[in-house]
Amino acid sequence: MTDRAPFAGWLNDTNDVISVFLSAGQIPDLINLGGGLPSPDVWPVKEIAEISGRVVREYPTETMTYSPVPGLPYLRDVLAKRYSSDNVPLTRDNVLVTTGGTQALSLIGQVLLNPGQKIAAQSPTYLGALDAWRPRTPEYQPMLLEADNFDPVADMTGAQFAYTVPNFSNPSGRLVDLEQRKDLLAAAHETGAWLIEDDPYGKLYYDSEPLPTLLELSGDGTPYSGPVIYVGTVSKELAPGLRIGWIIAAPEMIEALATAKQGSDMFSSGVCQMTAAKAYEEGVADNALPRVLALYRARRDALCAAMEEHLSDHLTWEKPCGGMFVWAKVKDSAIQTEQLMRRCLDYGVCISPSSVFDPEGKDQSGIRINFTLNTPETLSEGAKRLADTIRSFN
């Protein structure tokens, strides 16, 4: 009997950190500070339940059958209106609906990457993006936006696209300032690279008014055909279980992405699309936002206070002005954070090590800590358990 054909080679280019992370959920009384999870306390359950039942009754032909590959025209129109401005007039031709933000990233990779081509990526980089593009075996050029000598033109030259999360990057929580946003756009025009703006946290500003998005800055008042590929999702505004995301881009990019989507899942759930459309149209997300911001701001403050009390001898960090994460660095260079993550599980707390946000998997100096999921009391106990874990290395 001959051996069966082997699995694709890219599957070997992974580590076991994620499997360890996922299996940690079985540990009793574990405090999860490692995920990127919104709080169930802010989900508009009653509103979504009412809308989802209503759209099935009132729009059965849109919700219960096959949908158009690019998405329901109703939702595409709602999103085009929501993101349009005088500077960026949009139509449904600028919008593709996806099954969550991760599919959006995967489709971008399918459309723009041949194996081995270059991505310029804001570093550290969102794990989900690295996973989405791993089958394309790309080469990565890290973009260190906080470096004094950061040169976006140099980094983006030769890249198929540049990947950014300007609003409170996952994992670093960093807010890219207005001047750097303009510099990234200028570099996209000069180099010809597409500019990905992944924006799941764009509503989560706790201390200031939102900055204009790259999409907003890239318009010129004419029908949009600029270099920005904007990725959005309902996950942080409504609920992740709806699995609805979108891409806003030039019409030719939307057409190419729709071709890729046809071979991926053919279409996204009509029930979820229409539910999301009505939820936005009826103001569910906008009405919930003040409560979301108040809850998450208080939890951010609670985590940072607990870290100051328990972890200031062991970690350095900056208090983020939005988003969902605190990015911390260990002071003791002898402690590798992948090993720290594993030992943390013995102490009943879960964190994310920096290695999973590094395309080469080498960075062992940092950890990502989520503050949106847990109560202030649980965050305080989690910080204490993390401190106990770090002390166990001595």
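Just so you know, these numbers come straight off a predicted model, no measurement behind them.
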> Do I229 and L130 share a hydrophobic cluster (ILVMFWY, side-chain heavy atoms under 4.5 Å, transitive)?
Replying inline: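 Result: yes, single cluster for both.
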> Linking I/L/V/M/F/W/Y whenever any side-chain heavy atoms sit under 4.5 Å apart, do L303 and L386 land together?
Replying inline: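 The answer is yes; both residues are in one hydrophobic cluster.
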If you look only at pairs with a residue in [range], which of them pass as a salt bridge (Lys or Arg N to Asp or Glu O under 4.0 Å), with sequence neighbours excluded?
range            : value
residues 133-153 : D131-R134
residues 43-56   : E50-R54, R54-E282
residues 209-223 : none

Could [X] and [Y] be called an ion pair, given the rule that one side-chain N must be under 4.0 Å from one carboxylate O?
X    : Y    : value
D388 : K384 : yes
D265 : K261 : yes
D346 : R343 : no

Any side-chain donor paired with an acceptor under 3.5 Å for [X] and [Y]?
X    : Y    : value
T164 : Q122 : no
D198 : Y126 : no
Y205 : N167 : yes
Y296 : S39  : no
S392 : N394 : no
E62  : S67  : no

Sequence neighbours excluded and cut-off under 3.5 Å, please list the side-chain donor-acceptor pairs for residues 106-114, or say none.
none

> Please walk me through it: do V153 and D183 pass side-chain contact (heavy atoms from CB on, under 4.5 Å)?
Replying inline: CA-CA 9 Å; V153 172; D183 290 343; over 6 Å; no
Kindly list each side-chain donor-acceptor pair under 3.5 angstrom involving residues 317-331, sequence neighbours excluded, with atom names and distances?
residue : atom : partner : partner atom : Å
K319    : NZ   : D301    : OD1          : 3.1
K329    : NZ   : S365    : OG           : 2.9
K331    : NZ   : S312    : O            : 2.6

Atom pair [atom1] ([X]) and [atom2] ([Y]), whose distance is rounded to the nearest 0.5 Å:
X    : Y    : atom1 : atom2 : value
L242 : S235 : CG    : OG    : 8.0 Å
I369 : C304 : CD1   : SG    : 9.0 Å
R76  : D93  : CZ    : CG    : 6.5 Å

Which residues satisfy the side-chain hydrogen bond (donor to acceptor under 3.5 Å, both in side chains) test with [X], sequence neighbours excluded?
X    : answer
D155 : Q141
E308 : none
R385 : E381

Residues 272-279 side chain polar contacts: donor-acceptor under 3.5 Å, at least two apart:
residue : atom : partner : partner atom : Å
Q273    : OE1  : L72     : N            : 2.7
Q273    : NE2  : S268    : O            : 2.9
T275    : OG1  : V271    : O            : 2.7
K278    : NZ   : Y59     : OH           : 3.0
K278    : NZ   : Y74     : OH           : 2.6

> Going through the distances and angles, do L79 and N94 end up as a side-chain contact (heavy atoms from CB on, under 4.5 Å)?
Replying inline: CA-CA 9 Å; L79 292 170; N94 296 110; over 6 Å; no
> Is the centre of the W133 ring less than 6.0 Å from the centre of the Y163 ring?
Replying inline: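 Yes, they do, as the ring centres are separated by less than 6.0 Å.
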>> Under the rule for salt bridge (charged side-chain N to carboxylate O under 4.0 Å, His left out), what residues qualify as partners of D286, not counting sequence neighbours?
In response: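 Only R82 meet the salt bridge (charged side-chain N to carboxylate O under 4.0 Å, His left out) criterion with D286.
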> When you measure from the centre of the six-membered ring of Y206, is the NZ or CZ of R300 under 6.0 Å away and within 45° of the axis?
Replying inline: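 The answer is no, since R300 fails at least one limit relative to Y206.
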> Can you list the steps and then say if M156 with E190 is a side-chain contact (heavy atoms from CB on, under 4.5 Å)?
Replying inline: CA-CA 9 Å; M156 291 166 65; E190 183 169 340; over 6 Å; no
> What do the steps show when you test F150 against M143 for side-chain contact (heavy atoms from CB on, under 4.5 Å), and what is the final call?
Replying inline: CA-CA 7 Å; F150 171 58; M143 294 197 301; 3.9 Å; yes
> Which residues, ordered by chain and number, are linked to V69 in its hydrophobic cluster, where ILVMFWY side chains connect at heavy-atom gaps below 4.5 Å, directly or through other members?
Replying inline: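 Members besides V69: none; it forms no cluster.
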> Transitive ILVMFWY cluster of M266 at side-chain heavy atoms under 4.5 Å: who else is in it?
Replying inline: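 Same cluster as M266: Y66, F267.
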>> Go through it in stages, so that I can follow the logic: the residues are Y140 and T125, the test is side-chain hydrogen bond (donor to acceptor under 3.5 Å, both in side chains), and I'd like the CA-CA distance, side-chain angles, deciding distance and then a yes or no.
In response: CA-CA 10 Å; Y140 283 92; T125 305; over 6 Å; no
